[in-house]
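The structure appears right after this line, and notes come after that.
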Number of protein chains: 2
Amino acid sequence: MPATIHDVAKKAKVGIGTVSSVLNNSRPVNEETRKRVLAAIAELDFVPNSTGRRLSLGKTHMIGVVIPYFSTPAQVERLRGAMSVLAESDYDVSLFTVETASQRKKILETVPHRGRIDGLVIFSLNPTEEDLYHIIQKNVPTVLVEAKHPNLHNIHLDDVAAAREAVNYLIGLGHQKIGFISDALNDSFGSHFSRNRYKGYCQALKKVGIPINPNYHQQGKVTRETARQMTLSLLKLPEPPTAIFAYSDVQALGVLEAARDLNVDVPNQLSIIGYDDIEIAYFARLTTVRQQLYESGVKGVQLLFEVMNNPEMPLKCIQLPTQLVVRQTTAPPPG
Amino acid sequence: MPATIHDVAKKAKVGIGTVSSVLNNSRPVNEETRKRVLAAIAELDFVPNSTGRRLSLGKTHMIGVVIPYFSTPAQVERLRGAMSVLAESDYDVSLFTVETASQRKKILETVPHRGRIDGLVIFSLNPTEEDLYHIIQKNVPTVLVEAKHPNLHNIHLDDVAAAREAVNYLIGLGHQKIGFISDALNDSFGSHFSRNRYKGYCQALKKVGIPINPNYHQQGKVTRETARQMTLSLLKLPEPPTAIFAYSDVQALGVLEAARDLNVDVPNQLSIIGYDDIEIAYFARLTTVRQQLYESGVKGVQLLFEVMNNPEMPLKCIQLPTQLVVRQTTAPPPG
DNA sequence: CTGTTAGCGCATTCAA
DNA sequence: TTGAATGCGCTAACAG
């Protein structure tokens, strides 16, 4: 068993208060005594037990990070941003990845507890009213990233506008038959991402009087493979779309694969726009909607620290910009 | 402030011992009393303070996960595997990402402490003797993943053999001029990855009497962009290699980019083999050395739990297999 | 300047 | 079956 503060005190022939004082510089200590204490600490290889310290201070020195869709490059990039700030702080990080709806429920119920964490960052999850109850009730400083809520500080983006802009661009190139590939509109986490991007897609079409063709919208798991299958269906339609807007870059890669499978030339026969601008989008020369992934993590944690320092702070909602990055998967439609 | 066990006891008109008993089922409780306690718990929305519990039990219920190169898809896949097991357990996860040599040092010194964590998984870092001192000394159950050490349980793979096999395959196709692109042989973390894969590369060449051409070996940061630059140098050599073995899939993508830049046909003018078999390798149709990334995380945590249940367990080293996955970036050399 | 003491919230032993 | 007391390791207030 590791040495405790008592062992150090005994060896240095002082009281534990003195040891604590040199540990935390909490009050002046005679130089001679300090040396003795330091020597004892070194000799015993003493490190203060963090649990004891936490209990005494009533703080956990721990930030909770809740993150779904963890396998996707976009989420990892967000987490990296968050970790970059966290690593420079005095806080430890408690990581909760959520893969299933039941995990989501359990985590959102049990994680937001004073005594478990001092602050919480929740990525890409829109709290329900019930979730909110648990969070607010427990009174632990919380920030949402890539989510919006009228009662919680958050870092968000305008999915509707971003999607609208992407589709507008396709329309501007001359496309009329534009497909959309997304996650299920009602996914198991109750996310709004697909709905919002679909809304932007519809808005852009309506604006110029292009009717919404339900056959042009495919929903399914957000994997490359599923996107490939969905694209195959789209391209086998009697009147296939000449452009496809994908909910994410990962899906856009699946679209590219499908085009390759069918020997459809991108961008001359088929234009493709993705979403996120993950690292690999550059490699794939993908036209895509860039969002500030890394930055969102950075700002989320920074905002959390602000809130923790000033719990009575008025609600702060930061909107991060998006930007259409045109590369080489978009061109005017054939013919 | 949240309710404590005392509040519950008072409201239920029992002692705190009784509350603790119903919380933990640690001793029989009269059904009537139990009901009262449960009611009080519900009414106060009481959740046991984990710090108090930790201090009392002398356990943190916390597993430390140390992970470098966190931005790379391969590492994320390892972490995902680890999280899948951890999420099913009763342990919380404390995440430490290491980006710099100084972070590495600090983390390896301060994280392995009883009282901070109950167990530790370290990914892809070979402890020095000094690191080892801190780890062993503190006596916290530890498992290495993608690293080997004579005194620590570990999950590893045979980098030398895997690299040798990859280069052998190229030789079998008829290649004689084979380039190798890697991380710095002496990277800031003291990693062995590049050295081992280089060794395998050399062994394969020597076996068939091909001289090692130092110009064919490029070292640099493990990013797509750096790999692209290094490949450009390689391909501009008076006698450019006809095949390139890359230290990682991410680098292999950079090699592909360089080939594209120079209008070099892959695989007919240039063969490429990567390493890892990350998700995107499939998309890029990359021939690569598959290692069991997700599995390594799973097994690492499982092994850790074994060790925690049986601290006196004899040293266990598990070698995970690798496998050459042939896709469409390899072919016989031109001419 | 420094030793002693009283909690922090909980699990657990010891009595009853 | 239960309440009261003890201690986990630490910080901070109190008293010298």
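Note on naming: letters A, B, ... go to the chains in the order of the sequence lines (proteins, then strands), and numbering restarts at 1 for each one. All values below were derived from every heavy atom in this structure, side-chain atoms included, with hydrogens, water molecules and symmetry-related copies excluded.
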To the nearest angstrom, the CZ-C1' distance between R54(B) and dG7(D) comes to 19 Å

Contact list for residues 49-62 of chain A, test salt bridge (charged side-chain N to carboxylate O under 4.0 Å, His left out), sequence neighbours left out: R54(A)-D92(A)

How long is the line joining NE2 of H61(A) and C1' of dG9(D), in whole Å? 14 Å

Under the salt bridge (charged side-chain N to carboxylate O under 4.0 Å, His left out) definition, can you give me all pairs with a residue in residues 4-22 of chain B, not counting sequence neighbours? K11(B)-E43(B)

Axis-to-axis angle for the helix from dC1(C)-dG16(D) to dA16(C)-dT1(D), ends of five pairs each, to 10°, equals 50°

Select base, sugar-phosphate, or nothing to describe what S21(B) touches, counting heavy atoms under 4.0 Å on all strands. nothing

Does any pair with a residue in residues 128-145 of chain B pass salt bridge (charged side-chain N to carboxylate O under 4.0 Å, His left out), and if so which ones, sequence neighbours excluded? D45(A)-K138(B), R104(B)-D131(B), K105(B)-E130(B)

Any chance you could measure E109(B), atom CD, to H134(B), atom NE2, to the nearest 0.5 Å? 4.0 Å

For nucleotides 10-16 of chain D, just jot down a letter per nucleotide in 5' to 3' order: B, S or -, based on protein non-hydrogen atoms under 4.0 Å. BBBBB--

Working to the nearest 0.5 angstrom, can you tell me the gap between L55(A) CG and N49(B) CG? 6.5 Å

Centres of the F123(B) and Y69(B) rings: under 6.0 Å? no

So which one's nearest nucleotide on DNA chain D is more toward 5', L55(B) or V29(B)? V29(B)

Nearest to the V14(A) side chain among dT2(D), dG3(C), dT2(C), which nucleotide is it? dG3(C)

Between CZ of R114(B) and P of dC8(D) the distance, given in whole Å, is 17 Å

Please enumerate all residues that pass side chain to side chain donor-acceptor pair (under 3.5 Å) together with S56(B), with sequence neighbours excluded. none

Pick base, sugar-phosphate or nothing for K13(B), based on heavy-atom distances below 4.0 Å to the nucleic acid. sugar-phosphate

Are S124(A) and Q75(A) close enough that a side-chain donor and a side-chain acceptor fall under 3.5 Å? yes

